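Data block below; observations after.
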Amino acid sequence: MEKSKTGYSGMISRAKELQYTLAARVVIRPFSLRRGYVAGVDAAFKSGKVIASACLLAYPGLERVEESVAVMDIDFPYVPGYLSFREAPAITEAIGKLKTRPDMIIADGQGIAHPRRIGLASHLGVLLNLPTIGAAKSRLIGTSEEPGPFKGDMAYLYHDGDVIGAVLRTRDNTKPLYVSPGHLTDLESAVAIVMSCVTRYRLPEPTRCAHNQSALNKLLV
DNA sequence: GCGACAG
DNA sequence: ATCTTGTCGC
């Protein structure tokens, strides 16, 4: 890794080119899952290392089936719009360590609700060739109305005249989630699946489980 | 030039 | 994300 923020311009521009390539491969279409496995992924950071974790849950029961972790050196700075280059390598390795290949993945970040329509979830979907959904805790881009106050209420997220996601209330009177299609899914399917993975917490179970795992492993590494 | 800005 | 304790509210 290079020195200053300005010293990263080289890797940033190269990353940007790759994003355009990957964005061209993103497929948005309806997706439904009757029964199978959904994986949640997340990453934590500790002393120069990325700790990624994947949590596999049975669907639609949401029973925890399996989990995995992957630790790697951080080789990319955090720059809004380029989160994938910081987390995707470790997350991909964690997914590969699962004995069961998931039918779909939910990531804690944006899907196509991204300047170049290739947020972390979409990026992972294309690399792994799996349906993915982005369920972020805050907004990267786009505008929307304030969704209603109750669980299930939502408002569309717009950008450049397109609907790129939904601002979804997953719990009464709680800050909403920014849901957007990652790959091989569309917005309606993404919202439906996220809601079916939500219990009594703001985060859907797959992501919530992965988050706890990475936080726990961070202490042991 | 001035903000905004996933984790 | 990370650095960090108690505290207000459902």
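Remember, predicted model here, so these are calculated numbers, not experimental data. Protein chains get the first letters and strands the later ones, always in sequence-line order, with residue 1 at the start of each.
The shortest distance between the side-chain N/O atoms of A:His211 and the OP1/OP2 oxygens of C:dA1 is below 4.0 Å. Between A:Ser138 and B:dG7 there is a side-chain polar atom (N or O) within less than 4.0 angstrom of OP1 or OP2. Applying the 4.0 Å criterion to OP1 and OP2 of C:dA1, one finds that A:Lys137 has a side-chain N or O inside that range. Residue A:Tyr78 places at least one side-chain N or O closer than 4.0 Å to OP1 or OP2 of B:dA6.
Atom C1' of nucleotide B:dC5 and atom OH of A:Tyr178 are separated by 13 Å, given to the nearest angstrom. Whole-Å rounding puts the A:Asp172 CG to C:dG9 C1' distance at 14 Å. Rounding to whole angstrom units, CG of residue A:Asp42 and P of C:dA1 are separated by 7 Å. For A:Ile118 and B:dA6, the CD1 to C1' distance is 14 Å, given to the nearest whole Å. Between the CG atom of A:Leu157 and the P atom of B:dA6 there is a distance of 13 Å, rounded to whole Å. What separates CZ of A:Arg139 from C1' of B:dA4 is a distance of 7 Å, to the nearest Å. Following rounding to the nearest Å, A:Leu120 (CG) and B:dA6 (P) show an atom-to-atom distance of 13 Å. Following rounding to the nearest Å, A:Arg86 (CZ) and C:dT2 (C1') show an atom-to-atom distance of 10 Å.
Side-chain N/O atoms of A:Tyr59 and A:Ser196 include a donor and acceptor closer than 3.5 Å. In this model, a donor atom of one side chain and an acceptor atom of the other lie less than 3.5 Å apart for A:Ser189 and A:Asp186. In this model, no donor atom of one side chain and acceptor atom of the other lie less than 3.5 Å apart for A:Ser53 and A:Glu67.
Geometrically, A:Arg208 engages A:Tyr201 in a cation-pi contact, judged by NZ or CZ lying under 6.0 Å from the ring centre and within 45° of the ring axis.
For A:Lys46, the side-chain atoms get nearest to C:dC3 when compared with the rest of B:dC5, C:dC3, B:dG7. When distances are taken from the side chain of A:Gln110 to each of C:dC3, B:dA6, C:dA1, the shortest belongs to B:dA6.
For the pair A:Arg171 and A:Lys218, nearest-nucleotide mapping onto DNA chain C gives the more 5' position to A:Lys218.
Residue-level contact check: A:Ala113 touches neither bases nor backbone, having no heavy atom under 4.0 Å from any strand. Within the 4.0 angstrom heavy-atom criterion, base atoms lie near A:Gly81. If you check every strand for non-hydrogen atoms under 4.0 Å, A:Phe85 touches nothing. If you check every strand for non-hydrogen atoms under 4.0 Å, A:Asp108 touches sugar and phosphate atoms only.
Residues A:Ile164 and A:Val26 are members of separate hydrophobic clusters, defined by side-chain heavy-atom contacts under 4.5 angstrom among Ile, Leu, Val, Met, Phe, Trp and Tyr.
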